[in-house]
Number of protein chains: 2
Amino acid sequence: MHPLTIGKLAKQADLSVETLRYYERLGLIAPQQRSEAGYRLYEPGIVRRLRFIRRAQALGFSLGEIAELLALSGDPAASAGEVKALTQAKIADIEQRIRDLERMREALAGLAEHCPGHRATTVDCPILGALNGEDQ
Amino acid sequence: MHPLTIGKLAKQADLSVETLRYYERLGLIAPQQRSEAGYRLYEPGIVRRLRFIRRAQALGFSLGEIAELLALSGDPAASAGEVKALTQAKIADIEQRIRDLERMREALAGLAEHCPGHRATTVDCPILGALNGEDQ
DNA sequence: CTTGACCCTGTAGTCGACTACAGGGTCTAG
DNA sequence: CTAGACCCTGTAGTCGACTACAGGGTCAAG
């Protein structure tokens, strides 16, 4: 388990080499050192950091937000309150998106319900009618 | 209410001139004719079509899907079934996104609940702990 | 000592829905 | 007749998260 080259790390983390270099550009990861030829060399612990990134992504955090979380995570003096605040902002954001989607779903379901489907032409389609602004 | 130039139409529809030209590139709208100087001239009824586009967007349809809806809408021989199918596919899509967001929200809420906030440092933050893969 | 797998940098493309010019031509009010 | 508001085409930039080269250099196996 000595330093990993970027290709080995990519395989371990199930990410592409390009993605790793992209994360480096964003400041999310960095190689521990470079070889004489300029090759990136990573310590094996970086795999954990990449898992952190993936988990946070799955929870809806952007890479920019993940950079903040990683910075807080690396600072033992930082307050957990900041992490909590980021988390609660993300929850609020997600809840807003859910509400928007639910409004759409209800509107669409209401329209689909009254559409006779294959028994009618588009002329009598209430969905198109609504989009055209018929009634209200 | 004679032919509208693109600037007048933009004002009526509360869209930018650039957006209108963009919609034209996508095939969503077209000027009825061109003036001698090459100016786009729209019949006033185009405003309805733009409202259709905006309503469909608010319901979650992409501009590509809206192009399909408009094509169906303009073809009186087309079946309302196709419109209904597009609508139901969109409902399914939205429901999937809601489910994904709800899973995120619940995971985040569960983490936030156990975070002591400002009373602890990031070392003891269960949110960062979870992202780092502690437990499970 | 060569072949092929790896690595480097830097740039550009993808998706969707715009937005912003640059470098022209046209139209209208005073 | 001219200033300024309008219009044209064509190209490029924005956001986020990648993805895909091109044109090099490096390394290990046979």
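Naming: A, B, ... by sequence-line order, numbering from 1 per chain.
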Taking side chain as C-beta onward, heavy atoms only, is A:R21 less than 4.5 Å from A:I6? yes
Could you check whether any side-chain heavy atom of A:I66 comes within less than 4.5 Å of a side-chain heavy atom of A:L26, counting everything from C-beta outward? no
Please enumerate all residues that pass side chain to side chain contact (heavy atoms under 4.5 Å, CB included) together with A:V47, with sequence neighbours excluded. A:L4, A:L9, A:Q12, A:R51
Strand contacts (DNA chain D) in residues 30-42 of chain B, 4.0 angstrom heavy-atom criterion: B:R34, B:G38, B:Y39, B:R40
Show the nearest heavy-atom pair for residues A:F61 and A:L86, with the distance to one decimal. CE2-O, 4.0 Å
Note: B:S73 and A:L128 closest approach over all heavy atoms is CA-CD1, 3.7 Å
B:R54 and B:Q57: side chain donor to acceptor below 3.5 Å: no
Could you grab the distance from atom CZ of B:R105 to atom CG of A:D93, nearest 0.5 Å is fine? 13.0 Å
Sorted by position of nearest nucleotide on DNA chain C, 5' first, the leading residue of B:G64 and B:R21 is B:G64
Contacts of A:S79 meeting side chain to side chain donor-acceptor pair (under 3.5 Å) (sequence neighbours excluded), chain-then-number -> B:H118
When we call it a touch if two heavy atoms are under 4.0 Å apart, what does B:L26 touch: a base, just sugar-phosphate, or nothing? nothing
Going 5' to 3' along DNA chain D, which nucleotides are the first and last within contact of chain A (any atom under 4.0 Å from a heavy atom)? D:dA17 to D:dC27
With sequence neighbours excluded, tell me which residues meet side chain to side chain donor-acceptor pair (under 3.5 Å) with A:R103. A:D100
Per-helix bend value, the helix from C:dC1-D:dG30 to C:dG30-D:dC1, C1' rotation axes over five pairs per end, 10° rounding, shows 30°
